Amino acid sequence: MRKTIEIAGINIDDISMDQAVERIYEFIESNENHSVFTPNAEIMMDGITNKQMKAILNSADMLVADGAGVVLASKILGKSVTEKVSGFDLVKNLLIASSKRPIKFYLFGGKPGIAEKANANIICDYPGAEVVGTRNGYFTKEEEPSIIEDINNSGADVLLVCLGAPKQEFWISENKNRLKVKASLGVGGTMDVLAGNVKLAPDFFRNNGLEWLYRLYKEPWRFKRMLKLPKFILYVLGIRIGLIKK
Ligand code: UDP
């Protein structure tokens, strides 16, 4: 039975990392594709301000709290999620688990060459993990059917979709029933991290809910987008004190 926590009209799974990994194995055993999204505060704010995005997030088969902002929001509302399950950490745990219980991955997204670089690093860092296909994330509408065909012919179980938000959530939602994989994960910048092009924030920042600060320092041009984080927290505070009615 799925246990969810409602945050500003969006139903986040109250789930630990280990449970999330197990759920993906359950999806792999099933006969259909499942969507998994990993909203951070920015994506939550997109869901709050865009009805279609909210519906897409709520249609997910698993929606995990990626980021300290979402965990904090759950606490403000007195419903505290079990733990942060970031997209990158979820993928990392799946790669580790797949050495004992095999999973076939397809890597989709990033600039040309990035998915191949990620694959090369996976071969070195996660012996046992199997990547059965790669495709960069830049394509025209006309190219989509051949991308889907390639994914379907690869025999992949898990599709990593790294097109950035909200593009990846819309893409997965639109193509869910055409894809023969068992789980499609919208995991943003994960491909760049796997490829070694983008570094994860040091542990101090990751463990203290300050990943956003590190990102702002490394990528200051994100400033405008990142304003969604304080906006999200203020919105949730508004709900908490009764100023905002959902
Ligand atoms: N990306 C892509 N296709 C696109 C747009 C973006 O493959 O049409 C990739 C981009 O190369 C990057 C990833 O999506 O590897 C995440 O992009 P970004 O950091 O902008 O998004 P975020 O994950 O922060 O939402």
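We count ligands from 1, going down the list as the structure has it; atoms in each ligand are counted the same way. None of the values given here were measured: they were computed from a predicted structure.
In this structure, K54 fails the cation-pi test against F37, since its NZ or CZ atom is not both closer than 6.0 Å to the six-membered ring centre and inside 45 degrees of the ring normal. Under the 6.0 Å distance and 45° angle rule, R101 counts as a cation-pi partner of Y25.
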Next on the checklist: Please determine whether side chain to side chain contact (heavy atoms under 4.5 Å, CB included) holds for the pair F204 and L210, giving the CA-CA distance in whole Å, both sets of side-chain angles, and the decisive distance to 0.1 Å.
Outcome noted: CA-CA 8 Å; F204 170 79; L210 293 171; 4.0 Å; yes

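Among all heavy-atom pairs drawn from S74 and V81, the shortest one is OG-N, 3.0 Å.
Protein residues with a heavy atom under 4.0 Å from ligand 1 are G109, G110, K111, G137, Y138, C162, L163, G164, A165, K167, G188, G189, D192, R215, R222, R225.
Side-chain polar atoms of Y106 and D150 form a donor-acceptor pair below 3.5 angstrom.
For the pair K228 and D46, the salt-bridge criterion is met [side-chain N within less than 4.0 Å of a carboxylate O].
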